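Here's the structure we're looking at; comments come further down.
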Amino acid sequence: MNTPYYIVYEQKLRHNIELITSVAQRAGVEIIMAFKANALWKTFGSFRAFGVKSTASSLNELQLGNEELRSLVHSYCPAYTPETIGRYLEGSSHITFNSISQWERFRADVERFNYNGPHSVSPGLRVNPQCSVIDTDIYNPALPGSRFGVTADIIGRQLPDGIEGLHFHALCESSSHDLEKVLAAFEEQFGHLLPQVKWVNMGGGHLMTREGYDTDHLVELLRGFRSRYPWLTVILEPGSAWTWRTGDLVCSVVDIVDNQGVKTAIIDGSFACHMPDCLEMPYRPAITESTPEGTPYRIGGNSCLSGDFVGDWHFATTLKIGDRLTFEDMNHYTTVKTNMFNGIQHPSVIFERLDGTQQVLRRYTYDDYKERMD
Ligand SMILES: Cc1ncc(COP(=O)(O)O)c(C=O)c1O
């Protein structure tokens, strides 16, 4: 197989889907998939087999959920507009508004749709429990002044008439103990409103497929919540957890440069284009072929961005042109966030099926680069 390519393992996807489905069953909640972390729709057969539904935060995600998971979606978008609201209602079973002004602006559209439309859509409001458990600001929806969700002081004792659900999202790659803290803040600030609603969506960030995540504690927390509010349907909408450690990016070394004592292995991929979270978060991904000790190398992308490098890793033997490097865990968020900056070759997408056969889902060509531009 020519590099660069992403490879997704059906076996690993299946493992995550089974784990999440079993948590949902044990806890008596609904767990849907956030498309923002994964939109490789040619792998969705694995999700459909388990009846997984999705959440959408754009019309493109909504259409993908309708078409490829073949179900209505739970929508949440920071701001709907008169141009988009109708299409959101057509494709959604639930729709969450980010502010009271958004609800007031589109309430009549929801009511008209529910009166005349082919199905009804349950409207909810996103609230912000202002409980911060995330260290990286760019991933923290509870930063002071955050644009996400309504705070308790604005709502007061009574929800706006017509609102049927509450939504909060405050986690990112978090543990059940982080959820416990956020849930306590949520109940303290919004508990008095729960008798007024039918459902609560606890957002994403529940990384229940990470090694060491205490799923028993999560189930216990969710059961406890349900026993306090037995009339509520509880929904979780993780993204990363579904595709955590289900795929890698494989690249080849195409040159080695040694400048001012820094050895850089240049690859036929790019951090900026093909692993953007490594620069944005930032973090240093695991490389399967690296070793705890040995010759140190910086790895550089084949783009012209000066900062397109991450380091350092060690290798037991000196790297040479043609060596393959496997950047681990490059499915969730990575495959959806890639770009074609510099026009460098975009990695193909390979799906390794349960029987070990490898299917090429996509090979990118010049036309893909050209068609994005005008
Ligand atoms: C509203 C909402 N729901 C769900 C998610 C998915 O979160 P994660 O992929 O961390 O589970 C996000 C991520 O940004 C989000 O903003």
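Any value given below was found using the heavy atoms of this structure, including those in side chains, with hydrogens, waters and symmetry copies removed. For clarity, every value in this text was computed on a predicted model and none was experimentally measured. Both ligands and their constituent atoms are indexed starting at 1 by order of listing.
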Considering only non-hydrogen protein atoms, determine which one is nearest to [atom] and report residue, atom name and distance to 0.1 Å.
atom	value
atom 9 (O) of ligand 1	Tyr333 OH, 2.6 Å
atom 1 (C) of ligand 1	Glu237 OE2, 3.5 Å
atom 15 (C) of ligand 1	His169 NE2, 3.3 Å

Original post:
Does Ala34 approach ligand 1 within less than 4.0 angstrom via side chain, backbone, both or neither, non-hydrogen atoms only?
Top reply: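 Side chain only.
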Original post:
Where does Lys36 meet ligand 1, judged by heavy-atom distances below 4.0 Å: at the side chain, the backbone, both, or neither?
Top reply: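 Answer for Lys36: side chain.
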Could you tell me whether [X] and [Y] have a side-chain N and a carboxylate O separated by less than 4.0 Å?
X	Y	value
Arg284	Asp312	no
Arg107	Glu104	no
Glu187	Arg228	yes

**OP:** Give the ring-plane orientation class for Phe186 versus Phe168, where under 30° counts as parallel, over 60° as perpendicular and anything between as tilted.
**Re:** tilted
**OP:** Evaluate whether atom NZ of Lys198 has more than 12 neighbouring non-hydrogen atoms of other residues, nucleotides or ligands under 6.0 angstrom away.
**Re:** no
Against ligand 1, does [X] come closer than 4.0 Å with any heavy atom?
X	result
Tyr139	no
Ala241	no
Arg126	yes

Original post:
Numbering the atoms of ligand 1 from 1, which are under 4.0 Å from a heavy atom of Gly205?
Top reply: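 Within the 4.0 Å cut-off of Gly205, ligand 1 contributes 7 (O), 8 (P), 10 (O), 11 (O).
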**OP:** Check each atom of ligand 1 against the heavy atoms of Pro238 and keep those under 4.0 Å away; list them by number with element.
**Re:** 11 (O)
Original post:
Are Thr81 and Thr84 close enough, and set up right, to give a side chain to side chain donor-acceptor pair (under 3.5 Å), and what steps lead you there?
Top reply: CA-CA 5 Å; Thr81 64; Thr84 59; 3.1 Å; yes
Subject >> Asp214 and Ser176 side chains, donor-acceptor separation under 3.5 Å >> reply: no
**OP:** Scan side-chain atoms only and decide if Glu10 and Thr43 contain a donor-acceptor pair under the 3.5 Å cut-off.
**Re:** no
Original post:
Is any N or O atom of Glu173, backbone or side chain, closer than 3.5 Å to an N or O atom of ligand 1?
Top reply: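 Such a contact does not occur with ligand 1.
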